[in-house]
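Input: a single structure, listed below in structure tokens.
Quantities reported herein were computed from a predicted structural model and do not represent experimental measurements. Chain letters run A, B, ... following the sequence lines, proteins first, then strands; residues in each count from 1.
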2 protein chains.
Amino acid sequence: MTRLGGTNLPRVGGYNQAVVLDAIRTRGAVSRVELAALTGLTNQTVSNVVRKLLDAGLVTETGHAPSSGGKRRTLLSPRPDGAYAVGVHLDPDSAVIVLVNLAGEVIVSRRLRLTAPDVPADVVDRVSRAVQRLIVRSAVDPARLLGLGIAAPGPIDGSSGCVVRPPNLPGWDRVPLVEMFAKATGLPVALDNDATAAAIGERWIGGEARAGSFLFIYLGTGIGAGIVLNNTVLHGDSGNAGEFGHMPVEPGDRVCHCGATDCLGPYCSPAAIIDDLLRRYGPVAADRIGVTGAAASLHDDWKALRRAARAGDPDAEDVVRRAARLIAQATRGAASLLDVGRVVLGGEALRGIEPILLEEIDSAVNRTSVARSIRPVVIEQSVIGDTVGAIGAASLVLHGNYAPGWRMLTDGAG
Amino acid sequence: MTRLGGTNLPRVGGYNQAVVLDAIRTRGAVSRVELAALTGLTNQTVSNVVRKLLDAGLVTETGHAPSSGGKRRTLLSPRPDGAYAVGVHLDPDSAVIVLVNLAGEVIVSRRLRLTAPDVPADVVDRVSRAVQRLIVRSAVDPARLLGLGIAAPGPIDGSSGCVVRPPNLPGWDRVPLVEMFAKATGLPVALDNDATAAAIGERWIGGEARAGSFLFIYLGTGIGAGIVLNNTVLHGDSGNAGEFGHMPVEPGDRVCHCGATDCLGPYCSPAAIIDDLLRRYGPVAADRIGVTGAAASLHDDWKALRRAARAGDPDAEDVVRRAARLIAQATRGAASLLDVGRVVLGGEALRGIEPILLEEIDSAVNRTSVARSIRPVVIEQSVIGDTVGAIGAASLVLHGNYAPGWRMLTDGAG
DNA sequence: TTGACTTAATCCATCCATTGGATTTAGCTG
DNA sequence: CAGCTAAATCCAATGGATGGATTAAGTCAA
């Protein structure tokens with residue numbers, strides 16, 4: 001979409017509807033007059049738009065605000081049961097499936113264990129059947145189920161709906177996930193990389209706290225970033241914006257699969273940090289902490305290492321902190337390049353070591369006195385937590401349907 | 001603007017007008033039917049919009065396309081004399097002023113020499129008077145002169161129209177340039193940092209070659225980047241997106257004013273590269289190349305060094321190449337983070353050494369086989385050349401008035 | 001209790017850019 | 001010159017936003 005398209009009246013209608021819904025969602029209980037002030041629309045227009053949203057079952061009237069001298073304002077709130085979406089977070093070792101409502105609340109969820117050499121077709125098949133069962137179990141109105149969102153490790157090809165040889169999913173080369181899941185479930189399918197999906201989830205659920213612009217740093221099996229600028233998600237020319245693993249950092253002796261030794265990626269995965277512990281502090285420390293170093297026990301090793309770091313074990317903390325510094329270094333570059341006032345951290349690999357990351361990133365990003373004085377950058381944790389990947393995946397669908405944006409005015413989508 | 005605003009019919013009209021004008025500008029001679037296809041608007045709508053643009057004097061009918069069996073298409077082209085803008089590029093040692101037409105062609109230009117300790121008020125005064133004289137001399141219709149654009153070294157405060165203590169303009173702390181120039185010239189004034197202005201100029205003038213997304217690396221007194229995503233300029237939360245000097249690179253012994261030793265900025269200014277030459281290769285090489293090392297002769301030293309590097313002097317080329325590698329390293333990170341398919345180089349400090357920069361950046365950015373296979377990044381020079389700063393400044397005004405974008409549908413601006 | 005006042009929300013006629021279908025304009029071809 | 005094709009325009013209709021008037025529902029003071 002190299003060219004900008006024109007727009008027309010019906011699209012304006014749809015767009016304004018989305019704007020009003022978005023305002024209601026982010027502000028919670030809010031009256032029509034406030035919405036008019038927030039959106040710049042007329043009271044009359046807001047009234048009309050709200051009526052449509054009420055008819056569509058997406059919002060409800062919930063009580064009244066205390067009077068300020070005249071008629072009380074009737075407050076509007078989103079209707080959680082107005083719409084539903086399914087989210088799937090694909091990871092090398094597991095698939096997390098959630099069914100969420102319009103408010104982003106999880107109705108039912110399920111985790112499937114996967115084993116590394118699984119064939120894509122089998123995984124899609126297993127996951128799809130689990131999705132179907134979840135839908136039946138939840139008993140949601142099928143008409144209100146908008147679709148299925150998938151968060152996969154990048155890179156992906158946005159135009160064809162494929163994952164493109166993800167380093168963390170060996171053997172998955174150009175797998176057309178969108179097509180496969182659409183056929184298997186009969187639902188509309190959206191695909192994005194895990195970090196971007198997480199950022200969209202954060203934007204969708206975070207309300208005021210995630211309005212405007214922010215950079216989401218996602219720490220899962222690998223590291224990635226999701227970029228939200230002016231309430232709009234940056235996808236990039238090929239659908240891979242936020243690729244964080246190739247950000248330059250202080251070079252060491254780890255070689256990225258691209259051949260460089262100064263890429264962030266190879267230094268900050270759980271596997272790399274565990275390896276770092278073994279190399280720096282040897283088997284004694286590893287034993288003490290509970291790290292075996294076997295490839296098969298990566299998950300448990302990482303858990304043990306995180307726990308030790310959190311508990312103050314100096315060796316564990318040291319290796320975590322070294323990785324954190326590199327992440328912080330890259331984050332500093334990204335934040336100043338994008339000029340975002342907020343950085344959000346999330347991802348399941350982060351559990352327990354958030355304070356270390358927050359501290360290092362804060363000190364790197366807010367180091368310059370200039371930055372501090374003009375606009376200190378806020379560093380925060382995800383408002384969603386561990387399941388940000390799966391919930392983010394579901395949010396892809398909600399966001400695609402209801403978040404106001406360019407595409408509503410230019411493309412046909414609504 | 002943390003919230004998304006609604007829109008309405010008149011705005012849609014203005015926006016579509018801008019879309020059509022933009023399409024005519026970027027495509028050159030184009031017919032109404034083609035415009036309809038390009039913009040997604042109806043033939044009828046395009047007809048109406050074009051009539052308005054004709055009445056406004058912004059486009060003209062220029063001949064016909066050969067018939068393809070029916071009535072010939074009448075071709076539309078932008079009218080260069082439809083609008084004018086003045087651009088001022090402020091630099092520590094000079095101010096370049098240009099008056100350009102709608103096509104971005106320079107009508108008249110002038111360069112004022114400045115001396116370092118100049119007081120802001122005096123500079124504004126001198127420049128403003130020069131602008132006035134230029135306007136008179138050019139004899140353009142004042143009604144068609146849209147305003148004055150200023151490109152200044154960052155950082156700036158976008159909301160108040162100030163420059164905020166730019167490292168390259170000592171003593172200029174929170175100078176309200178917009179206000180001062182508006183008062184002195186009576187023109188509407190737009191301010192942006194030099195790199196962003198250059199990117200906007202590139203976008204405005206570059207036509208198809210600069211449609212979509214690109215990262216503009218600007219090398220002047222300092223280094224900066226301008227970011228264009230989906231034909232839209234990224235300004236950032238505080239108006240300082242593209243701050244490139246704090247991108248992390250391989251650390252050395254140069255300390256950034258923010259305290260870090262791994263910031264790109266201090267390693268790649270002309271002054272730093274000259275210093276590097278002296279430190280690495282001593283007075284003999286400096287003499288041979290024609291570099292004195294005196295602060296006062298920075299301009300000439302840099303010229304000599306560039307010429308020597310271009311001519312193949314190994315020492316000169318080495319120091320330039322070292323800086324180029326660091327720039328390339330940072331560019332690799334930025335390009336992968338933003339997922340842009342194009343990187344553009346420009347700025348007056350670049351003259352003569354473009355090939356070295358292009359080569360180093362290309363090899364760094366396109367190193368990964370993955371990146372190469374999915375989407376090799378195109379690395380190019382500015383289509384404008386040396387004066388990209390000043391022309392970019394003027395483009396701020398043209399862009400602000402006529403480039404289609406969000407703001408037309410949400411804010412009041414047109 | 002009542003009447004004056006205030007604010008929220010809606011009703012209604014109007015506006016206006018886009019749309020789709022019909023029409024005109026202007027070329028080509030046999 | 002008639003028949004065909006494509007470009008561009010005319011015209012009535014559509015539909016979402018608008019502004020002013022109206023109704024609904026509260027507060028406050030006498």
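- The pair E208(B)-R27(B) meets the salt-bridge criterion, since a charged nitrogen lies less than 4.0 angstrom from a carboxylate oxygen.
- Using cut-offs of 30° and 60° for the angle between ring planes, the W204(B) and H399(B) rings count as perpendicular.
- With respect to R32(B) and E61(B), a salt bridge is recorded, a charged nitrogen being found less than 4.0 Å from a carboxylate O.
- Side chains of H235(B) and D339(A): a donor-acceptor N/O pair is absent below 3.5 angstrom, by distance only.
- An OP1 or OP2 oxygen of dA9(C) is reached within less than 4.0 angstrom by a side-chain nitrogen or oxygen of T74(A).
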Can you give me the N/O atom pairs linking the protein to nucleotides 14-18 of chain C at distances under 3.5 Å, or say none if there are none?
unit_1  : atom_1 : unit_2 : atom_2 : d
dT18(C) : OP1    : N16(B) : ND2    : 2.3

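- Residues T232(B) and N230(B) have side chains that never bring a donor and an acceptor to within less than 3.5 angstrom of each other.
- Along DNA chain D, the stretch of nucleotides lying under 4.0 Å from any heavy atom of chain B spans, 5' to 3', dT5(D) to dT18(D).
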Stepwise, does the side-chain contact (heavy atoms from CB on, under 4.5 Å) test hold for L9(B) with L9(A)? CA-CA 7 Å; L9(B) 232 165; L9(A) 232 162; 3.3 Å; yes
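- Counting only distance, with no hydrogens or angles, the side chain of R25(A) and the backbone of P78(A) share no donor-acceptor pair below 3.5 Å.
- By the neighbour-count criterion of 12 heavy atoms within 6.0 Å, atom CD of E34(B) is densely surrounded, having more than that number from other residues, nucleotides or ligands.
- The phosphate of dG27(C) has OP1 or OP2 within less than 4.0 Å of a side-chain N or O from R72(B).
- Judged by distance alone, with hydrogens and angles left aside, the side-chain atoms of T196(A) form no donor-acceptor pair with the main-chain N or O of D192(A) at under 3.5 Å.
- Counting heavy atoms from C-beta on, the side chains of D81(A) and N101(A) never come closer than 4.5 Å.
- Mapping K71(A) and Q44(A) onto DNA chain C via the closest heavy atom, the residue that lands nearer the 5' end is K71(A).
- Taking every heavy atom of residues 62-70 of chain A and every atom of DNA chain C, pairs under 4.0 Å involve S68(A), G69(A), G70(A), by number.
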